[in-house]
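For reference, positions follow the sequence shown, starting with 1.
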Amino acid sequence: MGKFINGGNDGFRRYANGEYVDKTDLISYINSTISKPTMLTCVTRPHRFGKTAAAQMLYAYYDKSSDSRELFAPYKIAADPSFGQHLNKYPAIFLDVTFFTTRYAGGEDIVDLMQTAIIKDLKKAYPEVEVEDDADLMDVLIDINMSTGEKFVMIIDEWDAICREAADKPSLMDKYVNFLRRLFKSNFTPRVFACVYMTGILPIKRYGTQSALNDFKEFSMTNADILAGFIGFTEPEVKCLCKKYDMEYVEMKGWYDGYSFGPEYPAVFNPNSVMEACNRHAYGNYWGRTSAFEALQRYIDLDMNGVQESLEKLLRGERQEVKALRFGFDISSIGSDDELLTLFIHLGYLSYNVEEETVTIPNKEIRMEFVEALRGSKTHKKLQAMVKLSDRLMRATLEGDERLVAEIVGQIHDSDAGPDFYNNEQALRSVLKLGYISAIDKYVSIQELPTGKGYADLVFIPRTGGYLPAVVVELKWNKTEHAAIDQIKEHRSALPLRSSKNYPDVLKRFTDNILLVGISYDETTKQHTCKIEKVFC
């Protein structure tokens, strides 16, 4: 058994031994590309979106040193007509690029070290094949093919790790891309390889008007196409998990949904976070445990025209128009807001609507990431001040300080981050969404919670329960704050009254700990007012 070839199926078996959501249909698609013009596939998606699980699955299926029939027997691929045709029939090479980047960092010789390590494995696997001393990896693969007639399946996990970690080293970038071109963009490529599967976060880089590897068929967060169902967890898959683990689907959706790939896959979830929530039986921010936050903090501090305004709209819960660009820019020298927003799409921080060409912050988990990044921002001082103002608003609300709540809401309205037009309750709601943005640290926010006779505008449920009260906010335009409170009470199902059979389940555990908050705006006086009551049962 080698490090990079004939590695066995233990990698995928580890996933199969746990709670594995069946994505083996992907094998059927890759089988359909073998020895065809579509034999080169690159699938990019954010951190913790199942890239390695898919790569290990393919490796276990194709690697001829394994017997994986029993391993795949419980899954959908076992019923596919192509299952037996390609099962464990190829010498398979598995290259995890992060294996080298974590050891050799940004060393200029990392590409040479990578080739040397794989060649060493190949020589052990094929001792009968004569190899020239100065042969590179492609030379060795050609020699093996000419001697044995075998074609390889090559799987590259995190192909762009060098591009991300050595973006400021153009000579290393060029050397790495030329290494890939030598393998996958020559007349010998279809002779040596049956198929190639690459995963990464960033799409294949473009140089000028030409792609460095334009023979690859790409599937990404902006163009998932026929592989959309393999990018994350789908709605039916998450509903099954929620049922199995006794988790509330609506709350799971609010935390980890928000990605969309057209009409067939309108709801796609972050798979790692869903599984963490199921295994811990608790909703929370599991995205922040990845290294992606450092990237968000770094890129969000880029000082360029349009970014401030875009972030303000996104934090208010609005959609932002964007021209999602082909990935032709260097991440070390992003020069426009469209480039930055496109990068955020690929990193998973924004959800892209192809039909509308707009982006939004997908869910509560990612919103927490933005809030935390802005707290430490060195560039966006206005938004940083807004987050701190939001912290004050939440404290004032919990302390029942009606005057201060009204004052802070007025400050947010008058700030540059407020909406351009302030003439109805929807505009007031926009201000409050931004005003309570930092509440996401400790609360799950629900907008327009359905009640018996209408909606509660904003509802905040403590994420960890305990001493914090639930908060129900009602907004009024040209009516008094008392009218707002009365409307909440009129919606009896929004209250935890034991005599009401229809109030939302999410409030049931807070029967004696709810704050009712009425906020109003008077166009004549240009003043906000507030009324806060605690519910006792």
For the [atom1] atom of [X] and the [atom2] atom of [Y], what is their distance to the nearest 0.5 Å?
{"X": "M252", "Y": "W255", "atom1": "CE", "atom2": "CH2", "value": "11.5 Å"}
{"X": "T24", "Y": "D22", "atom1": "OG1", "atom2": "CG", "value": "3.5 Å"}
{"X": "L180", "Y": "I204", "atom1": "CG", "atom2": "CD1", "value": "8.5 Å"}
{"X": "M114", "Y": "D96", "atom1": "CE", "atom2": "CG", "value": "9.5 Å"}
{"X": "L71", "Y": "D10", "atom1": "CG", "atom2": "CG", "value": "9.5 Å"}
{"X": "H86", "Y": "D80", "atom1": "NE2", "atom2": "CG", "value": "9.5 Å"}

With a 3.5 Å distance limit and no angle check, can you tell me whether [X] reaches the backbone of [Y] through a side-chain donor-acceptor pair?
{"X": "T189", "Y": "L183", "value": "yes"}
{"X": "R69", "Y": "A78", "value": "no"}
{"X": "D121", "Y": "K3", "value": "yes"}
{"X": "K253", "Y": "F269", "value": "no"}
{"X": "W159", "Y": "L202", "value": "yes"}
{"X": "T33", "Y": "I30", "value": "yes"}
{"X": "N279", "Y": "M275", "value": "yes"}
{"X": "N88", "Y": "S68", "value": "yes"}
{"X": "T116", "Y": "D112", "value": "yes"}
{"X": "T199", "Y": "E158", "value": "yes"}

Without hydrogens or angle criteria, can the side chains of [X] and [Y] be said to hold a donor-acceptor pair below 3.5 Å?
{"X": "E369", "Y": "N285", "value": "yes"}
{"X": "E365", "Y": "Y283", "value": "no"}
{"X": "T358", "Y": "E321", "value": "no"}
{"X": "N214", "Y": "K185", "value": "yes"}
{"X": "D63", "Y": "S66", "value": "yes"}
{"X": "S273", "Y": "E276", "value": "no"}

Subject >> For S310, the option from L340, L341, L350, V359 that meets side chain to side chain contact (heavy atoms under 4.5 Å, CB included) >> reply: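 Output: one option passes, namely L341.
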
Centre-to-centre under 6.0 Å for [X] and [Y], is that the case here?
{"X": "F100", "Y": "F4", "answer": "yes"}
{"X": "Y20", "Y": "F12", "answer": "yes"}
{"X": "Y62", "Y": "F152", "answer": "no"}
{"X": "Y349", "Y": "W287", "answer": "yes"}

**OP:** Take N363 and D257 through the test side chain to side chain contact (heavy atoms under 4.5 Å, CB included) and record every step on the way to the result.
**Re:** CA-CA 6 Å; N363 52 50; D257 183 20; 5.7 Å; no

**OP:** Return yes when atom CZ of F188 has more than 12 non-hydrogen atoms of other residues, nucleotides or ligands closer than 6.0 Å, and no otherwise.
**Re:**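 Atom CZ in F188 is not packed in, count stays at 12 or less.
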
Subject >> Residue E132 excluded, over 12 heavy atoms near CD under 6.0 Å >> reply: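 Incorrect, the count does not exceed 12.
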
Grab the two heavy atoms, one from [X] and one from [Y], that are nearest each other, plus how far apart they are.
{"X": "I93", "Y": "L122", "result": "CD1-CD2, 4.4 Å"}
{"X": "V354", "Y": "T222", "result": "CG2-O, 4.1 Å"}
{"X": "K51", "Y": "R48", "result": "NZ-N, 4.2 Å"}
{"X": "K89", "Y": "G84", "result": "NZ-O, 3.2 Å"}
{"X": "S351", "Y": "G258", "result": "OG-O, 2.6 Å"}
{"X": "I119", "Y": "L137", "result": "CD1-N, 3.7 Å"}

**OP:** Go through Y286 and R280 one step at a time and tell me if the side chain to side chain contact (heavy atoms under 4.5 Å, CB included) criterion holds.
**Re:** CA-CA 11 Å; Y286 301 114; R280 296 168 184 265; 3.3 Å; yes

Subject >> Plane angle bin for F184 and F193 - parallel if under 30°, tilted between 30 and 60°, otherwise perpendicular >> reply: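 Answer is tilted, since the angle falls between 30° and 60°.
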
Original post:
Where does the angle between the aromatic ring planes of Y75 and F72 fall among parallel (under 30°), tilted (30 to 60°) and perpendicular (over 60°)?
Top reply: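 Perpendicular.
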
**OP:** Could you please spell out the steps behind the salt bridge (Lys or Arg N to Asp or Glu O under 4.0 Å) verdict for K244 and E19?
**Re:** CA-CA 11 Å; K244 180 174 182 178; E19 184 65 68; 2.7 Å; yes

Original post:
Hey, mind stepping through M221 and Y259 against side chain to side chain contact (heavy atoms under 4.5 Å, CB included) and telling me if it holds?
Top reply: CA-CA 9 Å; M221 296 299 282; Y259 304 96; 3.9 Å; yes

Are [X] and [Y] packed together at the side-chain level, in the sense that at least one heavy-atom pair is separated by less than 4.5 angstrom?
{"X": "E357", "Y": "V322", "value": "no"}
{"X": "L241", "Y": "K239", "value": "no"}
{"X": "F370", "Y": "L311", "value": "yes"}
{"X": "R164", "Y": "I162", "value": "no"}
{"X": "Y126", "Y": "S147", "value": "no"}
{"X": "M57", "Y": "L26", "value": "yes"}

**OP:** Apply side-chain hydrogen bond (donor to acceptor under 3.5 Å, both in side chains) to the pair N145 and R191, showing each step before the final yes or no.
**Re:** CA-CA 8 Å; N145 170 262; R191 179 172 176 174; 3.1 Å; yes

**OP:** May I ask you to check if K64 and Y90 form a cation-pi contact, with NZ or CZ under 6.0 angstrom from the six-membered ring centre and within 45° of the axis?
**Re:**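 Not satisfied by the 6.0 Å and 45° rule.
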
**OP:** Show the numbers, then the answer: is there a side chain to side chain contact (heavy atoms under 4.5 Å, CB included) between Y29 and I226?
**Re:** CA-CA 9 Å; Y29 171 77; I226 57 175; 3.4 Å; yes

**OP:** Would you sort out whether R13 and E70 count as a salt bridge (Lys or Arg N to Asp or Glu O under 4.0 Å), showing the intermediate values?
**Re:** CA-CA 11 Å; R13 190 178 296 277; E70 184 179 350; over 6 Å; no

Subject >> Pair D25-K76, salt bridge (Lys or Arg N to Asp or Glu O under 4.0 Å): steps then yes or no >> reply: CA-CA 6 Å; D25 279 351; K76 288 182 283 188; 3.7 Å; yes

Original post:
Between R182 and D136, does a salt bridge (Lys or Arg N to Asp or Glu O under 4.0 Å) hold up when you go through it step by step?
Top reply: CA-CA 10 Å; R182 173 95 167 107; D136 67 3; 2.7 Å; yes

